[in-house]
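First up is the structure itself, then whatever we jot down about it.
Below, each value reflects all heavy atoms present in this structure, side chains not excepted, and no hydrogens, waters or symmetry copies.
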Amino acid sequence: MGIFDIFGKNKKAEQAETPQMRMKRFSEKVVTDIINCCSSYDSSVSDGVIHLSKLDVTIRPMIYELKDRVVTLGFKVASPQWDREIFEICSGLGSDTNAALGMAQGSFMFALMDAVTRLNTNDHPEEFESEFAGNKHKWKLYIGNILGVGGKDENTDLDAKIYWNVLKEHIAKRLGNQKMCYVKIFASNSGRGDAIGEVRINNLKSEELSKIVEDIAAKWTNTEFKSHKQFFMFKQEEETTLPYPYTEADIIRKTKWAMKIFELCLQEDKVEAYGEVLYSETKDDNLSAEFYRFIPEICAESAIELAYPETLDLGIGDKTSTCYKTQLYSYSIIHDTIFDTLEGSELDDPKNVRASYICSSAIGSLASQMIEKGYKLEQLKDLQFSITYSMGKDYILR
């Protein structure tokens, strides 16, 4: 019997369960299954967080959806060796809840956790270099398994390096000065010619790289649904890692604080003072500029469908520097924290905060101008545009 099989209770007991009881039972099962599966790494649990001592890793599992045949799980994976947390969502379909749960857990264990294990055990890394802001950065790459779902394709070689060989040059130029980066690759083909490709670097989607993966999946000859999922883990060598003044937790806390300050300025009708307050509190030209410039545009990007560039044009003094969003250590953290905050309880009126940020954004202004000229919303996605973010003369790429 597999590690994720459930020794179910009798039907009467299950039918007597309340939704809360059922959620609790399956939540406990997820934790127990992972502990059993990772027992060789000295696994234990405390307050719902799984500790793998030999890997120096913690896992916090969550259940987002629990239906008769569909289960969606979330996992937050962290390590003191890293400078960021990994968040992963895994869904499973099955003949019943037990089978769907097993599929979702297997997706997590055999894809992300395989790559994490290779990273934290230094298992056969590949070495390469990248460049950012005039500095060389040396990396070790750890390639995880390709998790395949669906029918076999005789024309597809499941060598673990097939995606890396195609994407390595593109990924290298998207890396900055982080201690650790991760890349998630997903490819699927319905068997009827419908292909999907997705590449995320630190949870930020790359449209260019996603298209490359989609083109690969479109060439498969499968006649039934088929998918691949794979993770790459990147660890920068200490000798080339430049110090960064804040931790991920610092940036998360300060982003939430910046959004709350914005709401207070709205409530007191003092929005014009927002930028000044940001700097007076952060005492950091970089962070205050990033909060002031990036948060409105990130909110707008989620609401207005345009062909957004993967790069940022940053006005620094009388010069303009261009980098990928994924190269700035803070950008992906700010990005994810914005939506966590909008969905959380920190703000009094998150809908108004989001709408006000959009109204103050360059993207929102552009969309309004184009609509006034007669464009329809669905036509805007075909527009090519760029924004130069005025970051101030003291801003430093980091």
*So, for R293 and S390, which heavy atoms are closest and what is the spacing to 0.1 Å?*
NE-O, 2.9 Å
Look only at the side chain of [X] and the backbone of [Y], and say whether a donor-acceptor pair between them is shorter than 3.5 Å.
{"X": "S361", "Y": "I358", "answer": "yes"}
{"X": "N189", "Y": "A217", "answer": "yes"}
{"X": "S79", "Y": "D56", "answer": "yes"}
{"X": "E297", "Y": "A362", "answer": "yes"}
{"X": "S107", "Y": "A104", "answer": "no"}
{"X": "N286", "Y": "I396", "answer": "yes"}
{"X": "D340", "Y": "T337", "answer": "no"}
{"X": "N222", "Y": "S190", "answer": "no"}
{"X": "E224", "Y": "G150", "answer": "no"}

Indicate yes or no: at least one non-hydrogen side-chain atom of [X] is less than 4.5 angstrom from one of [Y].
{"X": "I387", "Y": "D313", "answer": "no"}
{"X": "K325", "Y": "H335", "answer": "no"}
{"X": "M180", "Y": "R84", "answer": "yes"}
{"X": "Q327", "Y": "L397", "answer": "no"}
{"X": "Y331", "Y": "T326", "answer": "no"}
{"X": "I298", "Y": "F339", "answer": "yes"}
{"X": "L287", "Y": "Y246", "answer": "yes"}
{"X": "V77", "Y": "W82", "answer": "yes"}

Once you round to the nearest 0.5 Å, how far does [atom1] of [X] lie from [atom2] of [Y]?
{"X": "Q105", "Y": "F110", "atom1": "CD", "atom2": "CZ", "result": "10.0 Å"}
{"X": "R398", "Y": "Y329", "atom1": "CZ", "atom2": "OH", "result": "11.0 Å"}
{"X": "I333", "Y": "I338", "atom1": "CD1", "atom2": "CD1", "result": "12.0 Å"}
{"X": "L209", "Y": "R174", "atom1": "CG", "atom2": "CZ", "result": "4.0 Å"}
{"X": "L52", "Y": "N120", "atom1": "CG", "atom2": "CG", "result": "10.0 Å"}
{"X": "I86", "Y": "M113", "atom1": "CD1", "atom2": "CE", "result": "9.0 Å"}

*Go through the steps to decide whether D114 and T117 satisfy the test side chain to side chain donor-acceptor pair (under 3.5 Å), and finish with yes or no.*
CA-CA 5 Å; D114 175 74; T117 300; over 6 Å; no
Do other residues, nucleotides or ligands put more than 12 heavy atoms under 6.0 Å from [X] [atom1]?
{"X": "I252", "atom1": "CD1", "value": "yes"}
{"X": "N165", "atom1": "CG", "value": "yes"}
{"X": "Q267", "atom1": "CD", "value": "yes"}
{"X": "E305", "atom1": "CD", "value": "no"}
{"X": "K179", "atom1": "NZ", "value": "no"}
{"X": "Y375", "atom1": "OH", "value": "no"}

*Could you list who else is in V70's hydrophobic cluster, with ILVMFWY side chains joined at under 4.5 Å, directly or through other members?*
L93
*Quick one: hydrophobic cluster around I89, which other residues, with the 4.5 Å side-chain cut-off, linked directly or via members?*
M62, Y64, F87
_Derivation and outcome, salt bridge (charged side-chain N to carboxylate O under 4.0 Å, His left out), residues K140 and D123_ = CA-CA 10 Å; K140 287 185 176 179; D123 183 12; over 6 Å; no
*Starting from the C-alpha separation in whole Å, work towards a yes-or-no answer on salt bridge (charged side-chain N to carboxylate O under 4.0 Å, His left out) for E169 and K173.*
CA-CA 7 Å; E169 291 183 6; K173 67 182 183 181; over 6 Å; no
*Counterpart residues, side-chain contact (heavy atoms from CB on, under 4.5 Å), relative to N177 (two or more places apart)*: F132, H137, Q236, T241, L242
Check whether the side chains of [X] and [Y] place a donor and an acceptor atom closer than 3.5 Å, and report yes or no.
{"X": "Y395", "Y": "E290", "result": "yes"}
{"X": "S206", "Y": "E310", "result": "yes"}
{"X": "E214", "Y": "S210", "result": "no"}
{"X": "Y182", "Y": "N203", "result": "no"}

Would you confirm whether the ring centroid of [Y] sits within less than 6.0 angstrom of the ring centroid of [X]?
{"X": "F128", "Y": "F234", "result": "yes"}
{"X": "F232", "Y": "W139", "result": "no"}
{"X": "Y389", "Y": "F294", "result": "yes"}

_For T97, run the side chain to side chain donor-acceptor pair (under 3.5 Å) check against R69, R22, K67 and tell me which one passes._
R22
For the pair [X] and [Y], find out whether any cationic side-chain nitrogen is under 4.0 Å from an anionic carboxylate oxygen.
{"X": "E88", "Y": "K229", "result": "yes"}
{"X": "D348", "Y": "K260", "result": "yes"}
{"X": "E126", "Y": "K168", "result": "no"}

_Filter on side chain to side chain donor-acceptor pair (under 3.5 Å), then keep only pairs touching residues 38-53, sequence neighbours left out; what's left?_
none
*Show the numbers, then the answer: is there a side chain to side chain contact (heavy atoms under 4.5 Å, CB included) between H228 and Y163?*
CA-CA 10 Å; H228 288 167; Y163 292 107; 2.8 Å; yes
*asked:* For S227, give me all partners under side chain to side chain donor-acceptor pair (under 3.5 Å), at least two apart in sequence or on another chain.
replied: none
*How would you list, by chain and number, every residue that makes a side chain to side chain donor-acceptor pair (under 3.5 Å) with K138, sequence neighbours excluded?*
E239
*Mind running side chain to side chain contact (heavy atoms under 4.5 Å, CB included) on I363 and Y308 for me, showing each step along the way?*
CA-CA 10 Å; I363 292 169; Y308 295 105; 3.3 Å; yes
*Report the C-alpha distance between W164 and I171 in whole Å, list the side-chain angles of each, state the deciding distance to 0.1 Å, and finish with yes or no for side chain to side chain contact (heavy atoms under 4.5 Å, CB included).*
CA-CA 9 Å; W164 172 244; I171 292 175; 4.1 Å; yes
*asked:* Let's go through E272 and K270 carefully: what are the C-alpha distance in whole Å and the side-chain angles of both, what is the deciding distance for side chain to side chain contact (heavy atoms under 4.5 Å, CB included) to 0.1 Å, and is it a yes or a no?
replied: CA-CA 5 Å; E272 70 281 355; K270 295 181 178 179; 4.2 Å; yes
*Test K211 against D215 for salt bridge (charged side-chain N to carboxylate O under 4.0 Å, His left out), laying out the working first.*
CA-CA 6 Å; K211 184 62 170 64; D215 290 343; 2.7 Å; yes
